[in-house]
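First up is the structure itself, then whatever we jot down about it.
Because the structure is a prediction, the values reported are computed rather than measured. Atoms considered below: every heavy atom in the structure, side chains included; atoms not considered: hydrogens, waters and symmetry mates.
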Amino acid sequence: MYESFGAVVTGSRVSFQLFLPDNTVDPTQYVRGGSPRIRTVRVAGDFQALLGGESWDALTAPAMTKQAHPNGWLYRYDLPLDLPEGFYEYKYFVTFEDDSRRWCSDPCSKYGGSGEHENAAFAVGGNRVAVRPVQRPKPLADLTLYELMIDDFTAELRGNGAPIDAVRRRVDYLERLGVNAVQMMPWTAWPGGDFSWGYDPVQFFAVEYRYINDPAEPADKLYRLQRLINELHDRGIHVVMDGVFNHVRAGVTPNQGFPYRWLYLNPADSPYIGDFEGGGFFEELDYQNGCVREFVRDVCLYWMNAFQVDGIRFDYTRGYYRRTDLHVGIARLVADIRDELPLERRVVAPFILEHLPDNRFEAIDDTNRICATACWFDPLMFAAFGWVREGNMHGDALRVLDAGRDFASGKLPVTYVENHDHSSLVHEAGGRARWYKAQPAAIVLLTCPGAPMIHNGQEFAEDYWLPESGPGRVEPRPLRWATRGPGSLDLAGERLFELYRKLIAIRNAHQALRTANFFPQFGNHPDGYGVFLREVSRSTTAGASSRMAGSSASSWW
């Protein structure tokens, strides 16, 4: 239901709708939390001048009417006039029972506002287009993903325009590379409007303002994302959304941060925020409460239905996974989303977990227990870092290369040798002068079991260092297209790009490379393949040695 709240625009008319749960009305809404203790809510914004008043004047802003709702209460105000085309920002001005007052944003706004005030917003007029689904959707096992950070990918490309438009102008490049899925790092609105990876969300239904803003076309905001997804889908490229649903950025001042915290007189009474499983960052969403489960489910379904997003990568799922109860947290969330999808989408939609305990077998076991498709597989990346640093591969890498082992039928790892969270592979190899050391890792990535993922810039040897913890992690790492990308006449960039392009084409052409099968394996395989841990005579024939190794796994290499 949450996707129907916020500023609802019908033609040139707008209705503001703010929902708050109440467990005295519906006991399933929360077991921990309390009343917001609101006396009145007014909606203020830059539309007020059109009503004959002064914009952003809280005391003369229209008052919302409190109405009964099956799950709590709904505050509503319908603007009594047609608005001219444009982009409008607003906020709620709340008076509480103790006469204290507070500015609060809209938790269900479909647009983030400009600047640092974290306003909500809506658009009247402008272009709209229905998003078309990808034709003949593929299962995750047949996808090669491209992890794309919108800011970094477009830094040299966007000029004064919207970054989303700059991504659209590079769809030809993605098609040439051969990837058939783009995993977008978070595009939902974060605090303040400055650079961020997007893992500190405040408005889950809204696209970050600066991603979709072009000053020349102020009313065309969501249209830009709709147009990009259509362009990708028309080329057969799937779109996977990176969703952050473990925590929120609550903010330190009342008019900033996750609105469902500040809409409560005592923010500690908000049933949306509270300790659940711990271990994450910022403030946890409390999945023991029904209102949280419904809110996050509705967010996911909004993006999958209104924008035809093909799948979701769930960030830091350990923070909302409860091994002792699969009826709450990520296990319940994925099951609920699947239940709401049409059968044809339910079968192929990828739901990918970032479930990264130190023990990778625990991550695999949890993925098997959850109604998910895959989990991120860090061991391959860390092994690749070791290979490029040392200049060789060891026999103990065999288990890592057999990445699909122990996954249940129909589940698989998402494999990578580089991602947004760590230094680039070429940096680990010693810099771009040693770009060639990244070639074996690329071959491994595109030939071992799982759904391979390439981090943007990896394919043309971008070189960035990233600290593993502390300050300096979340910093811009712009792709340097002009000097390193294909067509720049850069030796490393051209040759590595061509290698990735050819490897992806080979993988796409040969289904065997997209299965969970992996040879050789330790021990006897029914078909006679394998690595056999026994001494072999030096006189072993070449044919026989292709079937068995020497006294240790390392001799296989």
Would you please test Y92 and Y75 for ring-ring contact (aromatic ring centres under 6.0 Å, His included) and show each step?
CA-CA 11 Å; Y92 299 124; Y75 290 84; 8.8 Å; no
Are [X] and [Y] close enough that their ring centers fall under 6.0 Å?
X	Y	result
F16	F47	yes
F204	F295	yes
W481	Y173	yes
Y2	F19	yes
Y464	H455	no

Heavy-atom count check: over 12 atoms from other residues, nucleotides or ligands less than 6.0 Å from D275 CG?
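No - once you tally the heavy atoms of other residues, nucleotides and ligands closer than 6.0 Å, there are 12 at most.
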Over 12 non-hydrogen atoms of neighbours within 6.0 angstrom of CZ in R346
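Yes, because the 6.0 Å sphere around CZ of R346 holds more than 12 heavy atoms from other groups.
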Residues which pass salt bridge (charged side-chain N to carboxylate O under 4.0 Å, His left out) with E284, listed by chain and number, not counting sequence neighbours:
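Not a single residue meets the salt bridge (charged side-chain N to carboxylate O under 4.0 Å, His left out) criterion with E284.
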Just one of Y199, Y287, F258, F282 clears the ring pair (Phe, Tyr, Trp, His ring centres under 6.0 Å) bar with H247, so which one?
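Of Y199, Y287, F258, F282, ring pair (Phe, Tyr, Trp, His ring centres under 6.0 Å) with H247 is met by F282 alone.
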Salt bridge (Lys or Arg N to Asp or Glu O under 4.0 Å) partner of R158, chosen from D152, D151, D165:
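Answer after filtering D152, D151, D165: D151.
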Side chains of residues 262-269: which donor-acceptor partners sit under 3.5 Å, not counting sequence neighbours?
unit_1 : atom_1 : unit_2 : atom_2 : d
W262   : NE1    : A250   : O      : 2.8
W262   : NE1    : Q256   : O      : 2.6
N266   : OD1    : A268   : N      : 3.1

Residues E462, R480: salt bridge by 4.0 Å N-O rule
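Answer for the salt bridge query: yes.
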Residues that R176 engages under side-chain contact (heavy atoms from CB on, under 4.5 Å), provided they are two or more places apart
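R176: side-chain contact (heavy atoms from CB on, under 4.5 Å) contacts with P486, F497, E498, R501.
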If the test is side-chain contact (heavy atoms from CB on, under 4.5 Å), which one of T317, N419, D315, T367 qualifies with W376?
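Answer to the side-chain contact (heavy atoms from CB on, under 4.5 Å) test with W376 among T317, N419, D315, T367: N419.
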Using a 6.0 Å distance limit plus a 45 degree cone around the ring axis, check whether R249 lies over the aromatic ring of W190.
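No cation-pi geometry.
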Where is the tightest heavy-atom contact between Q203 and S109, given as atom of each residue plus distance?
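Between these two residues, the closest heavy atoms are NE2-CB, 4.1 Å.
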